[in-house]
Q: 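Let me begin by handing over the structure; questions about it come next.
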Protein chains: 2
Amino acid sequence: MSKLVTKITDSEMEVMRVLWEADGELPLADIRKHLMQTSNWETSTIKTLLRRLCQKGVVLATKKEVFYYKPLISKEEYAEHTTQRLIDRLYSGSAKNLVASLLGNKKLDDTDIEELRTMFKVGDKDE
Amino acid sequence: MSKLVTKITDSEMEVMRVLWEADGELPLADIRKHLMQTSNWETSTIKTLLRRLCQKGVVLATKKEVFYYKPLISKEEYAEHTTQRLIDRLYSGSAKNLVASLLGNKKLDDTDIEELRTMFKVGDKDE
DNA sequence: ATGGGTAGTTTACATCTGTAACCTGTTAAT
DNA sequence: ATTAACAGGTTACAGATGTAAACTACCCAT
């Protein structure tokens, strides 16, 4: 895990999502192509966001014929960190509270629960 | 539920937490007293945050001998909104994925799961 | 060679955030 | 009456964020 897990802003997150989905390195052109489907940012905006992400140390740009951009934090790692923050701030530090609220709000239905149950019934003892 | 659920910043959230915990209206002096235990903000900082929260429409100030401040969004409401955003952005929109990850990361242990199970075994049919 | 597209780099600029000082008026204590 | 404390209101100011234009250098097509 990374040290302080720098804050990734909303706009930056859109870029990260593209990089995460691609699961590898992408050149600007490809990033642009992906983002054009969801946002209508100018290319220069995307370039600014990539620059800031590199500065923050969460993306690495590798020079080839052209720069290739690659995430240095995995989506899972970042998700875990962010989720923990959420739990600390809004669920009194208890993951159980979060899940209870999801159940209460019907964000998890019976099928989900069944799946989770089987999913974790198995891998439980092997460690 | 509120329309757009304005963004509450990190600093502002500290103030909201005090208001939520107090579950009622609080005058500045009380808010200050609570916050002094966790932050060492100057009073003017707290006043600025309260002003911004009022502007954003998430806190109401009622004039008595002195202003009393009261949250207009409940913690639960805000938590639900924020959690949904998290799920959308980092768990492919699936609450199940979130929970799976909590289980995988041991953020939920067997006791938690047991509790959740009994907690929701009961209230399930009555609606 | 000339012009259009694109990558990389620099600069811009309004708004938002974090943090606070300052001013004014009132109250409470000396 | 004088002053210390505090509430309410106004102003400040640096750094972060959202969004982008401009400039430079190169490659490709005419």
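In the text below, chain A, chain B and the rest are named by the order of the sequence lines, each starting its count at 1.
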Q: Do the non-hydrogen side-chain atoms of Trp20(B) and Met13(B) ever get within less than 4.5 Å of each other?
A: yes
Q: Please report the distance, rounded to the nearest Å, between NZ in Lys64(B) and P in dG8(D).
A: 13 Å
Q: Under the criterion side-chain contact (heavy atoms from CB on, under 4.5 Å), I'd like the reasoning laid out for Phe120(A) against Leu108(B): C-alpha separation, chi angles, the key distance, then a yes or no.
A: CA-CA 12 Å; Phe120(A) 284 87; Leu108(B) 282 177; over 6 Å; no
Q: Please report the distance, rounded to the nearest Å, between CG in Leu50(A) and P in dT6(C).
A: 17 Å
Q: Going by an N to O cut-off under 4.0 Å, is there a salt bridge joining Lys96(A) and Glu115(B)?
A: yes
Q: Round to the nearest Å and state the distance from Arg32(A) atom CZ to dA7(C) atom C1'.
A: 9 Å
Q: Side-chain heavy atoms nearer than 4.5 Å, only ILVMFWY residues, links allowed to pass through others: does that put Leu116(B) and Met119(A) together?
A: yes
Q: Figure out the CE/C1' separation between Met36(A) and dT6(C), and round it to whole Å.
A: 13 Å
Q: Within a strict 4.5 Å, meaning less than it, do heavy atoms of the Glu77(B) and His81(B) side chains meet?
A: no
Q: Could you state the CG-C1' distance from Asn40(B) to dA20(C), rounded to the nearest angstrom?
A: 12 Å
Q: Taking transitive links into account, so neighbours of neighbours count too, which hydrophobic residues share a cluster with Val66(A) at under 4.5 Å side-chain distance?
A: Tyr68(A)
Q: Rounding to an integer number of Å, can you tell me how far Ile46(A) CD1 sits from dT6(C) P?
A: 12 Å
Q: Using a 4.0 Å heavy-atom cut-off to protein, can you give one letter per nucleotide of nucleotides 9-19 of chain C, 5' to 3': B if the base is in contact, S if only the sugar-phosphate is, - if neither?
A: BBB-----BBB
Q: So Met16(A) and Pro71(A), do their side chains get closer than 4.5 Å, heavy atoms only?
A: yes
Q: Quantify the bending of the helix from dA1(C)-dT30(D) to dT30(C)-dA1(D) as the angle between its end axes, each fitted on five pairs, to 10°.
A: 20°
Q: Do Glu42(B) and Arg32(B) meet the salt-bridge criterion of a basic N to acidic O distance under 4.0 Å?
A: no
